[in-house]
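Report on the structure given below.
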2 protein chains.
Amino acid sequence: MTLRQALLALIEAGPTTGYDLAKQFDRSVSYIWHAQHSQIYTELRRLERDGLIASEVLPRGSKELATKRAYRLTEPGAAELVRWVAETETPDGVRDPAYVKSTYLEYGSAAVARAFFRAHRRYYESLRDRYEAHIDELQARATPLLRRRLERAPADSHDAIVAFKVHAYHGMVARARAEIAWANEGLDLVATLDRDAGRGSMLTPRYSD
Amino acid sequence: MTLRQALLALIEAGPTTGYDLAKQFDRSVSYIWHAQHSQIYTELRRLERDGLIASEVLPRGSKELATKRAYRLTEPGAAELVRWVAETETPDGVRDPAYVKSTYLEYGSAAVARAFFRAHRRYYESLRDRYEAHIDELQARATPLLRRRLERAPADSHDAIVAFKVHAYHGMVARARAEIAWANEGLDLVATLDRDAGRGSMLTPRYSD
DNA sequence: AGCTCCATGTAAGTCGTTACATGATTCA
DNA sequence: TGAATCATGTAACGACTTACATGGAGCT
C-alpha cells in the first residue's frame, strides 16, 4: 500500500497520462520504491475503480486515431493522501537477501565471498551516485515533476516541499555509504580468514545427520 | 527465493521438526529475513516436494498418540545451498515505505512529521538493541542453533562461521544507527521549517487541476 | 480443570514479477 | 520504410499476509 499513495502524490502534481506517470515515476519515486509499468497501470485502474482518481480520454497525435487517458485527483483521493501521511505504519519486518547470504558465506570459497562483497560495493556505489545526482536536481528545482508540483503549491511551502525530499535522499546516500563501508569491512574479513586458514579454508554442507 | 535457502541452512545444522525450525528461525534469521510460521511450513513442504530435504515421522510424548516430523538435508539440498551462496543475485529494487512517506511529509502538519520521525527513531533503536544483543550471543557462541552448527563443522572453520554472522549483524547495527541519525536530522529539519513558517506552514493537496 | 506450549497446517486474498501482446506516432 | 518511442494493457504465476482451524502434551 505505498505504490498507491505514491501515485496519488504524483497525480496531485497535476493531471497526467498513465504512460507519463510511469516515466515520472521512473525518475523520482522509483529510487525509493521500485515498480514495473505494468503494475502502475494496474494500480491506476484500481485507484479509479475506488474513486480516488478520475480519468478523461483525450485524443492523441494529429490524426487522432489514437487516444490517451489523463488522470486527475479526486477529493477522496486527496483525503487519502492526507490520511496516509498522518497514519503511523508499523514497519514490515526486515528482509534483506544480501545480508542473509552474507551470514552463510562459509559455504562458499574465499573467492565467492570476495565476489559477493565486491558486487555489493559496486551496486551501492552506483546507487549512491544516482541519489547524489538526484539531490542536485532537486536542489536546483530542475526536475519537471518538481516544477509542476511547486507551481501548484503556495510559495511559502516550497522550501518544505524541497527540504523533505532532499532529506529523504540524503538518508538514502547515508545508507549507500554504510553499505559500501560494510562491503569493505567484509573484504578485510575475507582477507584475514583466508590468511589464517591457509588455502584450505571454507566448508561443505553436510546432507545427512 | 531466500526463505528457501535460509531454511536449508537451518536444516544443515542438523535434523529438526518444522516447529523447532520455526522457533530457531525466529531467534536468528528472522532478524534479517522476516517470515511467518505458516509460510515456513508451506515452504518446508515445497522443499520436500522438490527433493531438497527429506522428512521422517517421529512419535511424540510418552503416550505416543501424537507425531512430529523431522526434516534433514538431502544431497541436492546441500548442492543448492552451495549454488545459492556462489550465485550473484541482482538486488531487487529498493522499496522503503517510510522513505517514500518522508518525501511527502509536506502533506501533513509539523506534528505529523515529528511523530513520523520519532516513531522511526524508536523502531530502529529497538532493532539496534536486538542486533547488539544477538552479536553478544554469537560471540559467546551461546545460541543452541550456532552450537549445533559448530558441532557438525570442522574446528578450523568455526572462526569463519562465527565471523561472517557477526559481520552481518554489525552491518545491521550500522544501518540502524544510520536510521536513528536520519530521524534526528529529520526532527531538526521539522523544527527549522516550523520556526521559519510560523504556525501556518504545511500544505493541502489539490484535487483538481 | 485449565493454561501454556508443542505441533501442523489450510484458505483466501494482496502485492508484485515476468512475459506476452498490440498498435499508433514521430522522425530520420 | 524502419526504428524509437508513445500508449495501454492481460495472463500466469510466485511470494507473502491474515485469519482460521485443530488437537495432543505437560504442568499446576
Side-chain angles (χ1 to χ4, degrees), chain A residues 1-7 15-27 29-30 32-50 53 55-71 89-97 100 144, chain B residues 1-7 15-27 29-30 32-50 53 55-71 89-97 100 144:
Chain A
M1 287 302 242
T2 293
L3 177 58
R4 206 176 169 71
Q5 288 85 11
L7 290 175
T16 353
T17 66
Y19 182 79
D20 232 55
L21 219 47
K23 270 202 325 183
Q24 313 269 27
F25 192 94
D26 286 346
R27 8 182 96 250
V29 207
S30 84
I32 302 181
W33 191 273
H34 165 80
Q36 309 286 343
H37 287 195
S38 70
Q39 204 193 341
I40 292 175
Y41 280 112
T42 309
E43 192 60 39
L44 284 171
R45 266 171 291 127
R46 281 190 53 199
L47 281 164
E48 188 170 23
R49 186 200 64 195
D50 297 345
I53 60 179
S55 75
E56 192 186 352
V57 174
L58 298 176
R60 175 182 144 225
S62 43
K63 289 168 199 146
E64 309 214 346
L65 292 173
T67 58
K68 56 184 175 182
R69 182 175 291 272
Y71 293 97
E89 291 171 271
T90 54
D92 15 339
V94 190
R95 202 168 270 154
D96 191 308
V100 173
Chain B
M1 288 302 241
T2 292
L3 177 59
R4 207 175 169 71
Q5 288 84 9
L7 290 175
T16 353
T17 67
Y19 182 79
D20 233 56
L21 220 47
K23 270 202 324 182
Q24 313 270 27
F25 191 95
D26 285 346
R27 9 183 95 244
V29 207
S30 85
I32 302 182
W33 191 275
H34 165 80
Q36 309 287 342
H37 286 194
S38 71
Q39 204 194 340
I40 292 175
Y41 280 112
T42 309
E43 193 58 39
L44 284 172
R45 266 171 292 124
R46 280 189 54 200
L47 281 165
E48 188 171 20
R49 185 199 66 195
D50 298 344
I53 59 177
S55 75
E56 190 187 353
V57 176
L58 299 175
R60 176 183 141 226
S62 42
K63 288 169 200 144
E64 309 213 345
L65 292 173
T67 59
K68 57 185 175 180
R69 181 174 293 269
Y71 292 97
E89 292 172 90
T90 54
D92 16 338
V94 191
R95 202 169 270 152
D96 191 309
V100 173

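Proteins come first, then strands; the chains are lettered A, B, ... in the order of their sequence lines, and each starts at number 1.
The separation between B/Lys68 atom NZ and D/dA25 atom C1' is 11 Å, rounded to whole Å. Atom C1' of nucleotide D/dA15 and atom CD of B/Gln36 are separated by 12 Å, given to the nearest angstrom. With rounding to whole Å, A/Leu58 atom CG is found 10 Å from D/dA7 atom P. Atom CD1 of B/Ile40 and atom P of C/dT10 are 15 Å apart (whole Å). If you take CZ of A/Arg69 and C1' of C/dG23, they are 17 Å apart, rounded to a whole angstrom. The CG atom of A/Leu44 sits 11 Å away from the C1' atom of D/dG9 (whole-angstrom rounding). We find that NE2 of B/His37 is positioned 17 Å from C1' of D/dC20, with the value rounded to whole Å. In this structure, OH of A/Tyr71 is placed 10 Å from C1' of D/dG9, rounded to the nearest angstrom.
For B/Ser38 against D/dT18, a side-chain N or O and a base N or O form a donor-acceptor pair under 3.5 Å.
Taking each heavy atom of B/Leu44 and B/Gly18 in turn, the nearest pair found is CD1-CA, 3.7 Å. Residues A/Trp33 and B/Asp96 come closest through the heavy atom pair CE3-N, 3.6 Å.
Taking only side-chain nitrogens and oxygens, B/Arg45 comes nearer than 4.0 Å to OP1 or OP2 of C/dT10. Taking only side-chain nitrogens and oxygens, A/Arg95 comes nearer than 4.0 Å to OP1 or OP2 of D/dT17. Taking side-chain N and O atoms only, A/Tyr41 has no distance below 4.0 Å to OP1 or OP2 of D/dG9. In this structure, A/His34 reaches the C/dT17 phosphate: one of its side-chain N or O atoms is under 4.0 Å from OP1 or OP2. At least one side-chain nitrogen or oxygen of A/Gln39 sits closer than 4.0 Å to the OP1 or OP2 atom of C/dT17. OP1 or OP2 of D/dC6 sits under 4.0 Å from a side-chain N or O of A/Lys23. For the OP1/OP2 pair of D/dT8 and a distance below 4.0 Å, the side-chain nitrogens and oxygens of A/Tyr19 include no atom meeting the criterion.
In this structure, the separation between CD on B/Gln36 and CG on B/Asp26 is 9.0 Å, given to the nearest 0.5 Å.
Counting heavy atoms from C-beta outward, A/Val57 and A/Arg69 have side chains that approach closer than 4.5 Å.
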- Message: Under the criterion salt bridge (charged side-chain N to carboxylate O under 4.0 Å, His left out), I'd like the reasoning laid out for A/Arg45 against A/Glu48: C-alpha separation, chi angles, the key distance, then a yes or no.
- Response: CA-CA 5 Å; A/Arg45 266 171 291 127; A/Glu48 188 170 23; over 6 Å; no

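Residue A/Arg4 is out of contact with every strand shown, counting any heavy-atom pair closer than 4.0 Å.
A residue-by-residue look at B/Gly93 and B/Ala70 shows that B/Ala70 has its nearest nucleotide of DNA chain C further toward the 5' end.
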